[in-house]
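Counting starts at 1 for both ligands and their atoms, following the listed order.
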Amino acid sequence: MAKPNLLIVGAGGVGQVTANKAVQFREDFGTITLTARTAPKLERIAADIQERWGQHGDAALLDTQPVNARDQQELAALIRARDIALVLNVAAPYCNATILDACIETGAAYLDTALAESEFTEDIKPPWYAYVEWPRRQRFAERKISALLGMGFDPGVVNIFCAYARKHLLDEIASIDIIDVNAGSHGRYFATNFDADVNLREIKEDVITWEDGAWKTIPRHSEWMDVSLPHVGTHRVYSMGHDELQSLAVNFPGTDRITFWMGFGDHYLKVFDVLDNLGLTSSMPVDVDGVKVAPNRLIKALLPDPASLAQGYTGKICIGVDIRGRKNGEPRRYFLWSNCDHEDNYREVGSQAISYSTGVPVITAARLVAAGKWNPQTMVHVEELDPDPFLAMMPEVGIDWQVEELPLNGGWPYPAEA
Ligand code: NDP
């Protein structure tokens, strides 16, 4: 079988990790091309990768070509010109619709890490996949093209943890609680770890969560708990709406509760509240001397580029799933998780751990697609695929994972590190 030529769309924090990992595992792929709109970003990443992974005198390890991914024709032309078989969408999620359409047009397989977003809209009703992704599923199925939705860490690996628990640990699943703690410190006054307008939007909106078999909306930051997780210690996490709930609610029918929790420090929430009270987190454009400006776009332009946080970032992240249910009629509870370390990730690929924990799963999945081990030939959420080959391969690509049975009761008894 010919090795697939890869196109990586997006050259931010996640794009940089994805490109590094693609080059590290280049034996599995044909050509590797990185694209985004801004040529100097692409050239900087390509030069860094050449130095990191190449030998003196090697041909270029990474091709680059600027493209506007929101222009379907321009993107489809690049896919054809380079005979691309697999497109890895790690660009801003405003690009999802045109990248999906370019894949349908050209027959290239598709993978992304985030739900499509539309600018200048707020408080979208669930299920969020019903607007851009699911309406295209039929066309992927008809043309037997694979599309893997939500293949970062969360969404992504956490969905695969759920699939693993269903396959190996539990006969019935009662609840899924996904928990994401970044105990790192980047030393900046205020910054987001990925695309600022997407990140601020998910923190700003009311929380849509799955309870008693139905969507429930609660005010943002109104539910929290203190958790003690491996290698990151004790943190307060807040219930939030998140991509993976939208597909897990469909693919894990009968589960009473599916929730997502993210850790925030007091300083972060205080600054966020000021921005929000001033109207600066809004996606809705306002008139500034005759020019329409979305306030969150202005904030994004002013905040540090997420990729620039990597140098000097210290500490670890822990992302996992607390999953409860029954096995052979007996109640059981498991925690499946991974840690990443900002400093280790920076040393390896020049990136912080949030980007790293997204790019590693992307390339793990790309290797499985390249090897024909994952070949759904339609649009799927990653929890619909066999979790075993993925979890067997992810440590080799760069992230280890663990599973441990926990006591049934008592909140969060996971012992904090001594
Ligand atoms: P960044 O904002 O750092 O990068 C976004 C990239 O998209 C930039 O390189 C930008 O480059 C490119 N881009 C934007 N618009 C276009 C366009 N029209 N055409 C081509 N390229 C475009 O974000 P991150 O790298 O931090 O995140 C990337 C994606 O990963 C996001 O969708 C984010 O939500 C997702 N993510 C998923 C996670 C998960 O666990 N599932 C975790 C973290 C992130 P340029 O401006 O030069 O075009």
Item to complete: Could you tell me whether R166 sits above the aromatic face of F252, with NZ or CZ closer than 6.0 angstrom to the six-membered ring centre and within 45 degrees of the axis?
Response: yes
Worksheet item: Atom CZ in R297, atom OG in S282: separation rounded to 0.5 Å?
Response: 12.0 Å
Discussion item. Under 3.5 Å, is there a donor on one side chain and an acceptor on the other for T217 and W215?
Written reply: no
Worksheet item: Who's touching ligand 1 if we go heavy atoms under 4.0 Å?
Response: G10, A11, G12, G13, V14, A36, R37, T38, K41, V67, N68, A69, R70, V90, A91, A92, P93, C95, T113, A114, G152, F153, D154, P155, F194, D195, T358
Worksheet item: Can you tell me if D177 and T259 form a side-chain donor-acceptor pair at under 3.5 Å?
Response: yes
Discussion item. Nearest 0.5 Å, please: how far is CD1 in I179 from CG in L229?
Written reply: 6.0 Å
Discussion item. Nearest 0.5 Å, please: how far is CZ in F161 from CD1 in I176?
Written reply: 13.0 Å
